[in-house]
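What follows is a single structure, written as structure tokens, with notes after it.
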Amino acid sequence: MGEGAFQPQSRWVVVPQVRAMRETVYGVRTHYVEAGEGEPLVLIHGGGPGSSGASGWARILPLLARHFHVLAIDLIGSGDTDKPLVDYSFQTLVDHVAGFVDALGLTQVRLVGNSQGAYVAMRYALDHPGRVTQVGTIATATLATAVGLRDDGRAVPLPTFDGTRESLVAFMETIVNDPAKLTDELIDARFRSASLPGHREMLNSLWGYRKLVTEDPDQQQVFEVRERLTRLAVPWCVLWGADDRTAPLETLGAGMQELYPKVPFHVVSDAGHQAQTDQPQAVYELLMDFFGRARASAG
């Protein structure tokens, strides 16, 4: 389809305020890329060094833009969006998405999130169900942990980013299984984002929050969503890479399928944690099938 010639538009919007754990940040200049026309589809990237809307969704965005007005946000602290030095939590990211949707005047949105971004997407849907029509989740240990699942020690630890390009490459080789997809263009883009002031501080802050969630019952109560998901009326689906090393299918993926048997669950062959990068065509087809069936059942 001439993917190399496809260039989504780089856009900016100011989110009026975002609540961090102890502070409120005002006037968050937020970057996103957009393409296509029609109903809005917001893509929410995962975590890790250099993450952004463009780098997380580059291979599938041209496909989805055939049918939707696609907006791939750079979450607060990532990409080219502002990176305030505050105490981050997952709810900070959810609050940023909520402000983004409001600032752009979007009413009924579809959401797709990968990894940590899938948790953010689901939390937004739980907190604002009247604003969401459908949610797609891709390979998410964060959401699995939030419903009480554990990986039984089978997950490959994510390499620590120490500020070097080599450590970034090691991280990407863990979440993307196909070496051919790890182009110099992708690595360069992520390394540029990872090197921006404030980004590593955000990563460290979120890492500290993850630890806090395991120790503080109050924070656990805010983070967990197991029972809330059983009552969610918004249609959602789960996609999981068959060869995901950081969020193992046989424990976390299978656990999600067992807990929510009525939710469509699909295994993506020859794909790792970032299935939309390893197998964009397959993920696109599964998402479009889900979107189409959900729309038909609502009609």
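In this chain, numbering begins with 1 at the start of the sequence shown.
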Gap between atom CD1 of Ile175 and atom CG of Asp278 - 0.5 Å precision: 9.5 Å

Does NZ or CZ of Arg190 come closer than 6.0 Å to the centre of the six-membered ring of Phe161, within 45° of the ring's axis? no

Sidechain N-carboxylate O distance under 4.0 Å for Asp74, Lys83: no

Residues Arg110, Glu39: salt bridge by 4.0 Å N-O rule: yes

Can you tell if the side chain of His67 reaches within under 4.5 Å of the side chain of Tyr284, non-hydrogen atoms only? yes

By the salt bridge (Lys or Arg N to Asp or Glu O under 4.0 Å) test, which pairs, at least two apart or in different chains, include something from residues 84-108? Arg19-Asp95, Arg22-Asp87, Asp102-Arg131

Would you say that Val42 contacts Tyr124 through its side chain, given a criterion of any heavy-atom pair below 4.5 Å between the two side chains? no

Check whether any side-chain heavy atom of Val169 sits under 4.5 Å from a side-chain heavy atom of Leu182, and report yes or no. no

What class does the angle between the rings of Phe265 and Trp240 fall in, given that below 30° is parallel, 30 to 60° is tilted and above 60° is perpendicular? parallel

To the nearest 0.5 angstrom, please state how far the CZ atom of Phe223 sits from the CG atom of Asp218. 15.0 Å

Quick one: are Val101 and His128 in side-chain contact, heavy atoms under 4.5 Å? no

Taking Leu104 as the starting point, is it possible to reach Leu61 by hopping between hydrophobic residues whose side chains are less than 4.5 Å apart? no

Please examine the side chains of Gln276 and Arg59, heavy atoms only from C-beta on, and report whether any two atoms are closer than 4.5 Å. no

Could you go step by step and tell me if Thr174 and His273 meet the side chain to side chain donor-acceptor pair (under 3.5 Å) rule? CA-CA 8 Å; Thr174 308; His273 191 58; over 6 Å; no

OG1/Thr30 to CG/Asp82 distance, rounded to the nearest 0.5 angstrom? 7.0 Å

If only side-chain N and O atoms count, and only distance matters, is there a donor-acceptor pair under 3.5 Å linking Tyr88 with His96? no

Between Leu71 and Ile73, is a side chain to side chain contact (heavy atoms under 4.5 Å, CB included) present by the stated rule, with each step listed? CA-CA 6 Å; Leu71 307 99; Ile73 184 176; over 6 Å; no

side-chain contact (heavy atoms from CB on, under 4.5 Å) partners for Arg210, two or more places apart: Phe90, Gln116, Thr142, Trp207

Can you confirm whether more than 12 heavy atoms, excluding those of Glu258, are under 6.0 Å from its CD atom? no

Evaluate the side-chain proximity of Tyr119 to Met122: yes if any heavy-atom separation is below 4.5 Å, no if none is. no

Tell me, yes or no, whether the heavy-atom count around Glu37 atom CD, taken from other residues, nucleotides or ligands under 6.0 Å, exceeds 12. no

List the atom pairs, donor and acceptor, that lie under 3.5 Å between side-chain atoms in residues 148-157 and the rest of the protein, sequence neighbours left out.
{"unit_1": "Asp151", "atom_1": "OD1", "unit_2": "Gly153", "atom_2": "N", "d": "2.7"}

Answer yes or no: are there more than 12 heavy-atom neighbours, outside Glu185 itself, under 6.0 Å from its atom CD? no

Determine, for Asp127 against Arg228, whether the closest basic-nitrogen to carboxylate-oxygen distance falls under 4.0 angstrom. yes

Side-chain touch Ile44/Leu75, heavy atoms, less than 4.5 angstrom: yes

